[in-house]
2 protein chains.
Amino acid sequence: MPPAALSREQVVERLMRAIRRFGYDGASLAELSKATGLGKSSLYHYFPAGKDDMVRAVLEHLESELEETLFAPLRARGPVRDRLERMVETLDEFYRGGREACVLGNLVLGTSRTRFRRQLASIFDQWIDALAAALVDGGVPASVARARAEDAVVRIEGALILAGAMNDIGYFGRGLKQLPSELLAPEPSRR
Amino acid sequence: MPPAALSREQVVERLMRAIRRFGYDGASLAELSKATGLGKSSLYHYFPAGKDDMVRAVLEHLESELEETLFAPLRARGPVRDRLERMVETLDEFYRGGREACVLGNLVLGTSRTRFRRQLASIFDQWIDALAAALVDGGVPASVARARAEDAVVRIEGALILAGAMNDIGYFGRGLKQLPSELLAPEPSRR
DNA sequence: GTCTATAATAGGATAGAC
DNA sequence: GTCTATCCTATTATAGAC
């Protein structure tokens with residue numbers, strides 16, 4: 001009834017919360033309507049093509065949010081160790097210590113697994129690139145940095161799965177805590 | 001029409017294939033019917049409680065399959081290195097080199113995330129236990145073995161997510177290949 | 001820009017014949 | 001043990017008033 005109680009951005013954020021929780025297939029329009037407080041018709045006003053439009057908007061929003069809070073800080077000047085610690089803090093907050101699932105992981109599975117692949121791959125790629133750049137700044141050989149960055153992202157995604165399955169956020173917290181040291185370890189000593 | 005073309009086990013295997021591909025929410029009865037070649041009513045004959053029954057059967061089947069092909073070999077006598085290499089081969093086959101998603105990961109996400117948690121946690125736990133036992137046999141201190149085993153499972157699950165998102169099975173293959181050496185590395189040298 | 005109402009379709013589940 | 005037919009509900013999507 002009242003004119004635009006929520007900004008588009010707020011709507012998208014609430015959609016993201018629902019999708020990361022229920023997944024693409026599990027997030028019905030009724031659920032998305034409830035999550036945003038908007039009627040179905042209002043959702044179609046914002047996103048004419050329905051759920052797919054909503055997910056695309058969620059991924060666009062997520063991409064710029066991560067660019068701002070995660071990727072840019074990783075590429076910034078300053079002690080590399082601090083940049084990595086900041087990444088860890090940001091992730092810990094974003095995933096609420098391992099309580100929240102990953103939007104990306106959710107969209108890679110189920111019937112949506114190919115539908116948003118370009119956007120998903122792009123986000124993962126930016127993350128890995130930014131992380132690898134930080135590691136190079138930290139003295140890790142370029143040939144090793146990319147592999148380590150990939151491994152870090154792999155472990156974050158995997159830890160969220162295990163934390164969910166075991167109902168134990170320790171799987172996420174412990175892995176996250178070790179990351180900075182492991183990522184910056186001198187070459188021969190790593191494994 | 002003809003009497004029992006497929007054994008129950010074969011039916012369950014086909015259900016698993018569908019669920020690992022479409023997830024719990026994405027695997028409709030129509031899809032499961034198509035995947036098994038059985039009409040919906042036939043599925044309800046095997047699984048009176050519907051989809052949940054099917055998933056429980058899939059997880060039971062998976063558990064005994066993994067016990068036989070993965071956990072038991074990890075606990076068996078013989079060179080630890082060989083046991084780990086065998087695990088890697090088994091996993092590479094099971095996930096078709098990274099092309100197939102993980103049933104467990106799929107069921108941890110979406111609306112099924114809590115519904116089968118006991119079974120999911122039990123399977124992950126058995127895997128981690130068997131792997132940790134092998135590492136102890138291989139001279140890894142018991143205090144470290146569990147953490148390394150957890151990390152290995154985390155990385156396998158994470159690698160499958162990345163491989164799917166990036167449409168690049170290398171994320172799975174590369175990680176898998178390094179596992180045995182990393183798991184058995186002498187203490188101080190690991191990260 | 002939001003709502004209520006409604007249509008069309010897909011999903012889960014069951015009945016009953018063979 | 002399998003099928004066809006059917007039922008009910010949920011889901012997606014649209015129309016049209018305000």
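These numbers come from a predicted model, not from an experiment. By convention in this document, chain letters (A, B, ...) are assigned in the order of the sequence lines, proteins followed by strands, and residues within each chain are numbered from 1.
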- [ ] Rounded off to whole Å, could you give me the OH-to-C1' distance for the A:Y24 and D:dT12 pair?
- [x] 11 Å

TODO: Could you tell me whether the phosphate oxygens of C:dC3, OP1 or OP2, come under 4.0 Å of any side-chain nitrogen or oxygen in A:S42?
DONE: yes

TODO: Taking B:R83 for its side chain and B:A76 for its backbone only, find out whether a donor-acceptor pair lies under 3.5 Å.
DONE: yes

Task: Integer-rounded Å distance: D:dT11 C1' and A:L32 CG - done: 11 Å

Open item on the list: If you compare every side-chain N and O of B:Y44 against the phosphate oxygens of C:dA13 (OP1, OP2), does one of them come in below 4.0 Å?
Closed with: yes

- [ ] Could you state the atom-to-atom distance from CZ of A:R8 to P of C:dT2 in whole Å?
- [x] 12 Å

Task: Check ion pair A:R115-A:D53 (N to O, under 4.0 angstrom) - done: no

Open item on the list: Heavy atoms from C-beta onward define the side chain here; which of D:dT2, C:dG1, C:dG11 lies closest to that of A:H45?
Closed with: C:dG1

TODO: Would you check if there is a donor-acceptor pair between the side chains of A:Q126 and A:S122 at a distance under 3.5 Å?
DONE: yes

Open item on the list: Looking only at the side chain of B:K51 (C-beta and beyond, no hydrogens), which of the listed nucleotides D:dT2, C:dG12, C:dC3 gets closest?
Closed with: C:dG12

Open item on the list: Output the rounded distance in Å from CG (A:L29) to P (C:dT9).
Closed with: 17 Å

Task: Value in whole Å for how far the C1' atom of D:dG1 lies from CG of B:L6 - done: 12 Å

Task: Nearest-angstrom distance from the residue atom CG of B:D25 to P of D:dA10 - done: 16 Å

Task: Rounded distance (Å) that lies between atom C1' of C:dG11 and atom CG of B:D52 - done: 14 Å

Open item on the list: Please give me the minimum heavy-atom distance between A:W127 and A:E157, naming the atom from each residue.
Closed with: CZ3-OE2, 4.2 Å

Task: Nearest atoms (heavy-atom pairs only) where B:A35 meets B:R14 - done: O-CD, 3.4 Å

- [ ] Starting from P on C:dT4, measure out to NZ on A:K40 and report it in whole angstrom.
- [x] 12 Å

TODO: Using a 4.0 Å heavy-atom cut-off across all strands, classify B:S41 as base, sugar-phosphate, or nothing.
DONE: base

TODO: Would you kindly compare A:A49 and B:G37 by the position of their nearest DNA chain D nucleotide and give the one closer to the 5′ end?
DONE: B:G37

